[in-house]
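Numbers here simply count residues along the sequence, with the first being 1.
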Amino acid sequence: MKVSLIQMNSGDDKAANLKTAAALIEKAVNEEAPDLIVLPEYYAYLGEGRDNVHGSAEEFPNGESYRLMSELAAKHGVTIHAGSVVERAGNNHYNTTLVFDPKGKEIAKYRKIHLFDVDTPGGVSYRESDTISRGQDIVTYKVGDVTVGCAICYDIRFPELFRKLRDAGADVIVLPAAFTLMTGKDHWEVLARARAVETQTYFLAVGQVGAHAGGKKWCWGHSMVIDPWGHIVAQCSDRVSNTSASLDLDYTGVVRGNVPVAKHHVLA
């Protein structure tokens with residue numbers, strides 16, 4: 001199975017972001033012919049303020065990003081793990097991943113469970129719960145015979161979610177993110193590799209990069225593919241770009257056979 005990760009620098013112009021995402025998807029398809037393409041968190045809109053964030057929201061299956069990603073998946077015959085967008089459902093708004101199969105059909109929807117309410121070491125405060133409601137469901141989907149698990153950004157700090165995904169049969173786990181620069185420089189790689197090692201899955205961590213909010217906030221980037229032994233096998237640098245890797249699922253079986261941690265859990 002081949003995967004392509006698309007690293008973006010999304011801003012508050014939704015139309016421009018979607019145009020960029022479409023162009024980067026086209027580029028990945030033409031250059032790499034992947035089975036699975038992954039976009040970052042908030043790829044369609046990464047802006048400031050409750051009203052602006054809510055204003056970017058979509059009710060599914062309507063909305064610009066939903067239709068675009070469905071159409072691109074069908075056009076190119078590829079599965080698209082569409083990062084995340086703001087979903088409006090009644091009076092609630094969620095940070096939601098959508099996944100479309102090679103025919104353009106929605107096959108998964110994951111609403112972010114852990115919300116980012118943090119005062120970062122750089123002095124910037126984030127209060128995701130002021131604008132976003134909490135999801136509840138553990139979500140997996142299939143790419144061929146491969147089971148893929150869903151998570152988003154701050155979820156990475158909560159290993160119990162990833163154990164549940166592994167127990168649900170995940171061979172690959174995907175984490176779209178807009179990881180902050182100040183936390184990312186110290187924790188992004190450490191946490192991503194730890195989640196891969198403990199779940200013995202391929203871990204796809206796909207981030208936003210660079211400045212947004214008029215330069216007040218920065219994202220770390222460094223999107224990466226990590227194998228089940230914890231090695232980084234592909235990585236973007238600190239610019240808008242994409243990276244690809246072929247996943248050897250037989251190697252997953254070797255790792256799990258050599259160190260069968262899933263059979264050794266004592267605590268629930």
Side-chain angles (χ1 to χ4, degrees), residues 1-7 28 32-41 78-81 83 97 99 107-108 110 112-114 138-177 179 184 186-207 220-237 242-268:
M1 175 173 151
K2 191 170 187 180
V3 300
S4 289
L5 316 186
I6 293 177
Q7 182 165 280
E32 303 292 343
D35 303 294
L36 173 66
I37 294 176
V38 187
L39 294 168
E41 181 183 25
V78 65
T79 301
I80 296 179
H81 188 117
T97 289
V99 184
I107 56 171
Y110 168 70
K112 186 178 181 184
I113 292 175
H114 301 97
I138 306 298
V139 176
T140 65
Y141 63 92
K142 289 278 194 177
V143 179
D145 294 329
V146 179
T147 300
V148 182
C150 297
I152 298 174
C153 201
Y154 192 50
D155 284 336
I156 200 173
R157 295 184 181 274
F158 301 90
E160 59 271 23
L161 168 61
F162 298 90
R163 178 175 167 186
K164 286 183 178 295
L165 289 170
R166 170 65 180 87
D167 290 347
D171 308 297
V172 177
I173 296 175
V174 180
L175 182 108
F179 221 78
D186 294 323
H187 294 167
W188 174 248
E189 180 180 323
V190 174
L191 289 168
R193 293 179 69 186
R195 298 296 83 88
V197 169
E198 68 197 11
T199 58
Q200 299 176 315
T201 63
Y202 278 95
F203 196 87
L204 315 184
V206 189
W220 176 239
H222 294 84
S223 302
M224 62 184 106
V225 178
I226 304 167
D227 75 15
W229 195 250
H231 291 298
I232 299 171
V233 296
Q235 185 174 24
C236 294
S237 62
N242 64 279
T243 190
S244 299
S246 293
L247 310 188
D248 180 358
L249 279 305
D250 290 337
Y251 181 56
T252 303
V254 171
V255 170
R256 293 176 178 180
N258 288 342
V259 189
V261 293
K263 299 178 180 180
H264 297 159
H265 287 299
V266 175
L267 301 178

Q. Okay, side chain of Y202, backbone of D248: is any donor-acceptor separation there less than 3.5 Å?
A. yes
Q) Can you check whether T199 reaches L165 side chain to side chain, under 4.5 Å on heavy atoms? A) no
Q: Go through L191 and R157 one step at a time and tell me if the side-chain contact (heavy atoms from CB on, under 4.5 Å) criterion holds.
A: CA-CA 7 Å; L191 289 168; R157 295 184 181 274; 3.8 Å; yes
Q.
Ignoring hydrogens, what is the shortest heavy-atom contact between P260 and G257? Give both atom names and the distance.
A. CD-O, 3.9 Å
**Q.** Beyond-backbone contact of Y110 with V174, side-chain heavy atoms, under 4.5 angstrom
**A.** no
**Q.** Heavy atoms from other residues, nucleotides or ligands near CG of N258 exceed 12 (cutoff 6.0 Å)
**A.** yes
Q: Run through I107, V139, V143 and flag the one making a side-chain contact (heavy atoms from CB on, under 4.5 Å) with V99.
A: I107
Q.
Tell me the closest heavy-atom pair linking V206 and I6, and the distance in Å.
A. CG1-O, 3.4 Å
**Q.** Reported CG-to-CG distance for the pair L175 and L5, which is rounded to 0.5 angstrom
**A.** 11.0 Å
Q: Kindly indicate, with the supporting measurements, whether the criterion side-chain contact (heavy atoms from CB on, under 4.5 Å) is fulfilled by V172 and T201.
A: CA-CA 5 Å; V172 177; T201 63; 5.8 Å; no
Q | Least distance between heavy atoms, I226 atom then R193 atom | A | CD1-N, 3.7 Å
Q | Heavy-atom check, side chain of H81 versus side chain of P176, under 4.5 Å | A | yes
Q. How far apart are the C-alpha atoms of V225 and L247, what are their side-chain angles, what is the distance that settles it, and do they pass the side-chain contact (heavy atoms from CB on, under 4.5 Å) test?
A. CA-CA 9 Å; V225 178; L247 310 188; 3.8 Å; yes
Q) Do you know which two heavy atoms are closest between W188 and A205, and how far apart they sit? A) CZ2-CB, 3.4 Å
Q | Non-hydrogen side-chain atoms of Q7 and P40 separated by less than 4.5 Å | A | no
Q: Working to the nearest 0.5 Å, report the span between CZ of F179 and CD of E41.
A: 10.0 Å
Q) Rounded to the nearest 0.5 Å, what separation is found between the NE2 atom of H222 and the CD1 atom of I232? A) 9.5 Å
Q) How far apart are the C-alpha atoms of F203 and V197, what are their side-chain angles, what is the distance that settles it, and do they pass the side-chain contact (heavy atoms from CB on, under 4.5 Å) test? A) CA-CA 9 Å; F203 196 87; V197 169; over 6 Å; no
Q) Just how far is it from atom CD1 of I113 to atom CD1 of I138, taken to the nearest 0.5 Å? A) 4.0 Å
Q.
Within the structure provided, determine whether T147 and R166 are in side-chain contact (heavy-atom separation under 4.5 Å).
A. no
Q. With side chains defined as the heavy atoms from C-beta onward, is the minimum distance between V38 and V3 less than 4.5 Å?
A. no
Q) Does any non-hydrogen side-chain atom of W229 lie less than 4.5 Å from one of V254? A) no
Q. Are the side chain of Q200 and the backbone of V259 linked by a donor-acceptor contact shorter than 3.5 Å?
A. yes
(Q) To the nearest 0.5 Å, what is the distance between CG on L36 and OH on Y141? (A) 4.5 Å
Q | Closest heavy-atom pair and its distance - S223, T243 | A | O-CG2, 4.4 Å
**Q.** CD1-CG distance between I173 and L161, expressed to the nearest 0.5 angstrom
**A.** 7.5 Å
(Q) If the test is side-chain contact (heavy atoms from CB on, under 4.5 Å), which one of D171, T252, T79 qualifies with V146? (A) D171
**Q.** Heavy-atom pair of closest approach, residues K2 and S244
**A.** CE-CB, 4.2 Å
